[in-house]
Amino acid sequence: MTPIKKVEIIVDSVELEKLKLILDKRGIKSYTIIKNIQGKGDRGVKSGDGLTDVFNNVYVMIACTDEEINLFVEDVRKILRKLGGICLITDAVWIKH
Amino acid sequence: MTPIKKVEIIVDSVELEKLKLILDKRGIKSYTIIKNIQGKGDRGVKSGDGLTDVFNNVYVMIACTDEEINLFVEDVRKILRKLGGICLITDAVWIKH
Amino acid sequence: MTPIKKVEIIVDSVELEKLKLILDKRGIKSYTIIKNIQGKGDRGVKSGDGLTDVFNNVYVMIACTDEEINLFVEDVRKILRKLGGICLITDAVWIKH
Amino acid sequence: MDSSLVLYNFLNPPILFFFLGSLAVFVKSDLEIPQPLPKFFSLYLLLAIGFKGGVELNHSGLSTEVIIVLLTAIIGSVVVPIYTFFILKRKVSVDDAAAISATYGSISAVTFITATAFLSKLNLGFSGYLVAAMALMESPAIVIGVLLSRYYNKSEADNDFSWKELLREAFLNGSVFLILGSLIIGVLTGDRGAESLSPFTDEIFKGMLSFFLLDMGILATKRIKDLRKAGIFLTGFAIVIPLINALFGIAAAYLIGLGKGDALMITVLFASASYIAVPAAMRLSIPQSNPSLYVPMSLGITFPFNIIIGLPVYMYIINFLWN
Amino acid sequence: MDSSLVLYNFLNPPILFFFLGSLAVFVKSDLEIPQPLPKFFSLYLLLAIGFKGGVELNHSGLSTEVIIVLLTAIIGSVVVPIYTFFILKRKVSVDDAAAISATYGSISAVTFITATAFLSKLNLGFSGYLVAAMALMESPAIVIGVLLSRYYNKSEADNDFSWKELLREAFLNGSVFLILGSLIIGVLTGDRGAESLSPFTDEIFKGMLSFFLLDMGILATKRIKDLRKAGIFLTGFAIVIPLINALFGIAAAYLIGLGKGDALMITVLFASASYIAVPAAMRLSIPQSNPSLYVPMSLGITFPFNIIIGLPVYMYIINFLWN
Amino acid sequence: MDSSLVLYNFLNPPILFFFLGSLAVFVKSDLEIPQPLPKFFSLYLLLAIGFKGGVELNHSGLSTEVIIVLLTAIIGSVVVPIYTFFILKRKVSVDDAAAISATYGSISAVTFITATAFLSKLNLGFSGYLVAAMALMESPAIVIGVLLSRYYNKSEADNDFSWKELLREAFLNGSVFLILGSLIIGVLTGDRGAESLSPFTDEIFKGMLSFFLLDMGILATKRIKDLRKAGIFLTGFAIVIPLINALFGIAAAYLIGLGKGDALMITVLFASASYIAVPAAMRLSIPQSNPSLYVPMSLGITFPFNIIIGLPVYMYIINFLWN
Ligand SMILES: Nc1ncnc2c1ncn2[C@@H]1O[C@H](COP(=O)(O)O)[C@@H](O)[C@H]1O
Ligand SMILES: Nc1ncnc2c1ncn2[C@@H]1O[C@H](COP(=O)(O)O)[C@@H](O)[C@H]1O
Ligand SMILES: Nc1ncnc2c1ncn2[C@@H]1O[C@H](COP(=O)(O)O)[C@@H](O)[C@H]1O
Ligand code: NA
Ligand code: NA
Ligand code: NA
């Protein structure tokens, strides 16, 4: 059991590719993605209907150390500022295997 | 980085509209929804199959302050009592952008 | 409001049946499942495309006590060792209803 | 009994695909029809049957017979939940009794559609207005069920109750709305519309039905496991009550003087139980009722019983009485 | 005005299914077409219309007329975003103006496809190369829109901008790519290919279109609610500008000397606005623009306006001028 | 070589749609067929090909020839994994060698189906029992692969192993089950059933195949990127071994004295490699093996190789030998 940070990012679906590029570039090798999620926020309702991913969000979760967070957090902040979304960090422990 | 609470609610899919109404009425303007999830609990297995949403759950996450939680927690409790489901609250920090 | 642990497990989709069997056997009666999620890790990219669930992950969340965790954590560890995936534990409070 | 009827039904590809799906669950194959494909097939069938019924109705027009049949259908969907409720109340909670009785007062569109495929094998037709009868039978049962539950639960004041909500749920739920809407479109466009949609609504219909029944076989068989909770009383109920209702249906058809095809269809409407519209409505309107009871009953027992045994049996009785 | 045109259009099953979907939202029915079925229908329609256009093109070959029409189409999709941008800029932000103008410079494939169903009701045909014209009109408007937004936002240096990205998004987005690709496959395989695919691309086409328009009716009507944000100016814009663009289209068709069917199709291309390719591109290229403005405008107003009122009106004008 | 064969294959719409999907990945278009549509097409194709094979079998009945071919198929799917395992073991781990050899001993239903479309272009038919041969070839390879892996990994006692699980996974996985089940339904219902399902299983078949191959083109090309991990040896293996297996198939067909169409189909079964049933089974039964090796090999190289180059080449050799 190792202490770890759980970073959760929710952004517009169209930003997913950009986000994955950032994580790759910053050396983050592991993450989990949940696609096609909905929501509501400052930038209106994401109802998930429609013929495109314009009204859809995506959830990305990264379990990592504080040092790793520092590698990508500024880039993520920039995305959030531009296209909305949120980023939460929670303390967790990791069951080592 | 601001401390925040992460409220996670898992209920029957048919309750989603009611839940959204409650949040709207209580002034909660931002939340995230994951539809079509499965599970098991006191009220049996939600296998996600079938032709309706009767055996489906929905996940709703709200990042908010303690004061905001107090605005809707009683209403949510009432829903949970009637139709089952759970509500968890976790401490988190919010990456301000 | 009761303190509780939130256990989150992310594994290969093909392991879901085995995981459910373990939870059942260990007396865990309640959990939530999110199917068809994607990710990246030591065992490569799970892109979610394709005609099978070979490149797909599944997310399982169990809200339970420390004692309950001890009932299944070793079995889960064994699965993770064999087929990859992660298991995180977070502190939370449970809104009793 | 005329064994050729049974054989006709058995050698119908849609029924065989139902068995295949059922077998998949028994042998623990991992065959599955991923979501939302089952919903797609179900929407397709509702749209196609509604539209075809409408086109037929455009041909035949309304007559006294039609109005009598529609009234019979509505009366059936009001009476069935009432009489079954009082049978059920002795053994299960008021809420479960109300939900189950609504389930059996309402209808199953897929049973109806499978019956059309059965009729077409026998070179028998049926009148388009029976699709309207089907649509009209879904809602009253829901309303009656909810009213019974409220009346016998008087003590608990449930402030959430809203007539508007209930009526919307009963009369405007997706399946009723789509069938009625497609029916009206069929009436409005008639043969011209039918011609342009026919490859979609007619020609590939049996194939889509087969695919859908493959999934229904999987679903129904999975639900059977849940029946342990239901117990012997409810399991028996799920076979006996449809039979009784079928006899009501046959009697009504005989009295009205319907043709054989129409008689079978009205019988099937009486005998079938809902597993789409009613469960969704009950979940909202009688949330204390247990879907693990009424869904396995209607989907796991009554549905297979009707399409496998019911169809040839009802047809045999009708043949016997009509000749 | 020739009321039979309106009636012809109204009694077309696809249009009636659009109304049905719309009605479902008004009466708050819970009817919905679950994801990704809408995307499936949309991919199917693009593939089928592209392929059929290609087969037609294989018959007719290229001519001076074809090249003139293609050029007209491209010019239209460059000019429309420019003139509308300057109208819009007076009332909304530069980014919104750019995104909306791109939306109206580009086209809606479903409007085009619905027009083909309308034409076939009138026993009129159209030339396959118009499908190519449609595909060619999606991209330039996107590029112009982004360039306008960048030019008038000069101050803010957006280091993220990449021409490569923009051009890929404009010319290789899924819908443009699928239509053009299917068109080329149609050209290459000609009648032999058409014969083998025809049951899929032709016969069930109207049925698939009806199903899809059912969903479009739901979607468009849901979006109308969002129009409160848009206000009276943008709501008016969403009807007036398509009408003006339609007149440009009719004039161009008249000058080139196109047949009636082709004239209607080019008019519809000018009049229609994008709600698939452009919103997706804008989200990436002009992220500060608000999709809750341009999607409701094109999907909630312009699309229904075109298929319900536009088609018969444009046809009436064309009939009037051509005779 | 008879270039018309190549051309025939190239101008087949399904193959062209495969190229289109492939091109979409190369030019980085965002075209995608969202889940679960690929699974839907795949289930449809299995159901349709199984059913059609069954109807054919109902016509032809069983004969000594049939039994010899079925035995040949089974023997092939046992021998191929064994001989390839020993080739592979020199270069990759025991687990990967076992999984890859099972992959190549098994078959690809889509390759088989694409070959039927190729044959129909040449106006050649094939016997329905070959569909049974296909279904019979999926399972033995899986069992052999797992046994090889266990035998050569003896030291590690894996207590999880269960014969029951393995056999279920091998013989009752979704695709084997659906093909065999549909085949039996086809045999049982014969021409009567075929007639009612034919618009669904026959007429729209090529269109559905085209749509599916569009997605396969996208998938296969995406997987090619993963081949860097596989290296030159495995990449070469994915082309050379199918060719060798094809020659085995041709030789067997020649010795048995099959017609040209049947010869091509058995050849394609030998030459093709699995990317649905086997990967799913390996993930459960040999979890230490790496799916990023065997899936790109079979889906990214062997599948395109077979449908683009293999089909005309095998046909050419068969034409040459048979004439
Ligand atoms: N406070 C919040 N709690 C949960 N989800 C949020 C919150 N704020 C934003 N989101 C999610 O992030 C998406 C984009 O947010 P926004 O940029 O505020 O429109 C929303 O659609 C929600 O899914
Ligand atoms: N302890 C728990 N941990 C995780 N999920 C739960 C838990 N209890 C209930 N749930 C979820 O909430 C749904 C409804 O719960 P219940 O009302 O207990 O049937 C279940 O289907 C689960 O998805
Ligand atoms: N550090 C991490 N953070 C988030 N998700 C992870 C992490 N590590 C692994 N995963 C998830 O677990 C799956 C299997 O991990 P692995 O066994 O490392 O390939 C990945 O595809 C991810 O979805
Ligand atoms: Na009934
Ligand atoms: Na336009
Ligand atoms: Na093989």
Side-chain angles (χ1 to χ4, degrees), chain B residues 3-13 15 19 22 32-50 55-64 66 68-93, chain C residues 1-39 48 53 56-66 68-69 71-72 75-76 86-97:
Chain B
I4 199 132
K5 297 283 181 187
K6 205 177 101 184
V7 184
E8 294 171 290
I9 303 169
I10 294 166
V11 286
D12 209 293
S13 285
E15 293 300 285
L19 195 55
I22 288 174
T32 293
I33 298 170
I34 307 182
K35 289 184 182 172
N36 293 321
I37 68 173
Q38 282 77 51
K40 198 177 144 179
D42 299 344
R43 282 157 194 81
V45 176
K46 303 290 184 71
S47 49
D49 52 11
F55 295 104
N56 248 348
N57 289 328
V58 70
Y59 167 101
V60 177
M61 190 271 278
I62 308 135
C64 61
D66 274 317
E68 287 172 310
I69 293 182
N70 289 332
L71 297 175
F72 63 81
V73 77
E74 273 316 310
D75 289 333
V76 167
R77 212 191 281 261
K78 235 160 72 187
I79 287 196
L80 300 181
R81 216 176 285 132
K82 205 171 128 199
L83 265 173
I86 59 170
C87 175
L88 303 178
I89 302 178
T90 323
D91 287 313
V93 296
Chain C
M1 307 239 261
T2 336
I4 198 130
K5 296 284 181 187
K6 205 177 100 183
V7 183
E8 294 172 290
I9 303 169
I10 294 165
V11 285
D12 209 293
S13 285
V14 295
E15 293 301 284
L16 177 61
E17 286 311 312
K18 215 172 278 174
L19 195 56
K20 285 191 337 195
L21 276 182
I22 288 173
L23 296 177
D24 281 357
K25 217 168 57 188
R26 300 308 183 189
I28 305 301
K29 296 209 158 21
S30 302
Y31 47 81
T32 293
I33 298 170
I34 307 182
K35 289 183 183 173
N36 293 320
I37 67 172
Q38 282 76 51
D53 281 340
N56 248 347
N57 290 328
V58 69
Y59 167 101
V60 178
M61 190 272 280
I62 309 135
C64 60
T65 62
D66 274 318
E68 287 173 310
I69 293 181
L71 296 175
F72 64 80
D75 289 335
V76 167
I86 60 169
C87 176
L88 304 177
I89 303 178
T90 323
D91 286 313
V93 296
W94 178 310
I95 298 291
K96 269 282 167 61
H97 53 270

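Residue numbering restarts at 1 for every chain, and letters A, B, ... go by the order of the sequence lines. Model, not experiment: these values are computed from the prediction.
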Could you point out which residue of B:V7, B:I69, B:I86, B:I89 forms a side-chain contact (heavy atoms from CB on, under 4.5 Å) with C:I95? B:I89

Using atom types as modelled and no hydrogens or angles, find all donor-acceptor pairs between chain C and chain B shorter than 3.5 Å.
from  : atom 1 : to    : atom 2 : distance (Å)
C:K6  : NZ     : B:E8  : OE1    : 2.6
C:K6  : NZ     : B:E8  : OE2    : 3.0
C:D24 : OD1    : B:K40 : NZ     : 3.0
C:Y31 : N      : B:K40 : O      : 3.0
C:Y31 : O      : B:K40 : N      : 2.8
C:I33 : N      : B:Q38 : O      : 2.8
C:I33 : O      : B:Q38 : N      : 2.8
C:V93 : N      : B:I89 : O      : 2.8
C:V93 : O      : B:I89 : N      : 2.8
C:I95 : N      : B:C87 : O      : 3.0
C:K96 : O      : B:R77 : NH1    : 2.6

Please classify the contact between B:I34 and chain C as side chain, backbone, both or neither, with a heavy-atom cut-off of under 4.5 Å. side chain

Cut-off 4.5 Å, heavy atoms of chain B, and the answer for C:I4 is side chain

State, yes or no, whether a side-chain contact exists between C:V93 and B:L88 at a heavy-atom distance under 4.5 Å. no

Using heavy-atom distances under 4.5 Å, tell me whether B:L80 contacts chain C through its side chain, its backbone, both, or neither. both

